[in-house]
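Heads up, the thing below is written out as structure tokens.
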2 protein chains.
Amino acid sequence: MIEEEAAAMFQALSNADRLKVIRALVTAGPEGLNAGDIAQMVGATPSRASFHLAALSKAGFVQVERQSRSLRYTVDFSRIGALLSFLMTDCCNDSPQLKYCCT
Amino acid sequence: MIEEEAAAMFQALSNADRLKVIRALVTAGPEGLNAGDIAQMVGATPSRASFHLAALSKAGFVQVERQSRSLRYTVDFSRIGALLSFLMTDCCNDSPQLKYCCT
DNA sequence: ATCATATTTCAACAACTCTTGAATTATAAT
DNA sequence: ATTATAATTCAAGAGTTGTTGAAATATGAT
């Protein structure tokens, strides 16, 4: 992964509302959640939640699928894993000083 | 770690120059690098490098110590580890779907 | 067709980020 | 004291981000 892409992904995680969204989706599991429920769970207006979901989607952290009137969002773990790998391997050269955090 | 702090740390990583700085410091090892060398290595003016170093310092990713006329910067792995832990554990609930990325 | 629900998109605005180049601070050498 | 080196700080300006509430789009029910 190139630095610009990693930077854009970190940018997508640089907001407390968006971190809450990811947490909610992780907890929800493979079923995911629709936009309205997400908005309620993170305490945001529909418009605000939509804005943050779009940011997460653009960075690839969530996927979306229409289900009748709702849009169902799910988390993409592989994308989070890719960013973790970038930080550990590309950025930190797999330093042994980081080892403890993965046991 | 609370979400706001994690978000601020991700924000500090959301810039390609700053990621380059961290990479340079990781490669340099415990000796660290002074500001001028860092600026040269990432291809930034002294002022620009200083700005990004301040951002990394505020987020705790680097530490700084004066050495004669130079300021020597070193990377703080424990801080990076803390953020990795937040993402894996607090945010992703140690999901098995993330396991592969730490082998 | 009309209406209700679910969500996004838009425009306006305030706040923040980044870059640039000049000025400033701190240290050391002559 | 003066000068040179190393780095930060500052002010101005361009661009980006996030919030709000209203308007628009998409789907489904009556």
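Below, chain A is the first sequence line, B the second, and so on; all start at residue 1. All values derive from a computational prediction rather than experimental measurement.
For the OP1/OP2 pair of dA6(C) and a distance below 4.0 Å, the side-chain nitrogens and oxygens of Y73(A) include no atom meeting the criterion. The side chain of N34(A) contributes an N or O atom lying less than 4.0 Å from OP1 or OP2 of dT7(C).
A salt bridge links E3(A) with R23(B): the distance from a Lys NZ or Arg NE/NH1/NH2 to an Asp or Glu carboxylate oxygen falls below 4.0 Å.
Atom-to-atom distance recorded for C91(A):SG and L83(A):CG is 10.0 Å, nearest 0.5 angstrom.
Rounded to whole Å, atom C1' of dT8(C) lies 8 Å from atom CG of L71(A). If you measure from atom CD1 of I38(A) to atom C1' of dT7(C), you get 11 Å, rounded to the nearest angstrom. Rounded to whole angstrom, the span from the CG atom of L56(A) across to the P atom of dT7(C) amounts to 16 Å.
Residues R66(B) and R72(B) have side chains not in contact (no heavy-atom distance under 4.5 Å, counting atoms from C-beta outward).
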Run the side-chain contact (heavy atoms from CB on, under 4.5 Å) check on V26(A) and F77(A) step by step: do they pass? CA-CA 9 Å; V26(A) 166; F77(A) 283 103; 4.0 Å; yes
For the pair S95(A) and N93(A), evaluate side-chain hydrogen bond (donor to acceptor under 3.5 Å, both in side chains) and give the outcome as yes or no after the intermediate values. CA-CA 5 Å; S95(A) 164; N93(A) 209 25; over 6 Å; no
Quick one: do E4(A) and K20(B) satisfy salt bridge (charged side-chain N to carboxylate O under 4.0 Å, His left out)? Show the steps, please. CA-CA 10 Å; E4(A) 271 75 13; K20(B) 282 184 204 139; 5.1 Å; no
For E5(B) and K58(B), what are the C-alpha separation, side-chain angles and deciding distance, and is it a salt bridge (charged side-chain N to carboxylate O under 4.0 Å, His left out)? CA-CA 11 Å; E5(B) 187 185 359; K58(B) 191 175 172 204; over 6 Å; no
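Grouping the Ile, Leu, Val, Met, Phe, Trp and Tyr side chains by contacts below 4.5 angstrom, directly or via other members, places L19(A) apart from F51(A).
Within residues 58-70 of chain A, the residues approached by DNA chain D to less than 4.0 Å at the level of any non-hydrogen atom are R66(A), S68(A), R69(A), in residue-number order.
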Let me have a per-nucleotide readout for nucleotides 11-23 of chain C, 5' to 3', with B, S or -, counting only protein heavy atoms under 4.0 Å. ------SBBBB--
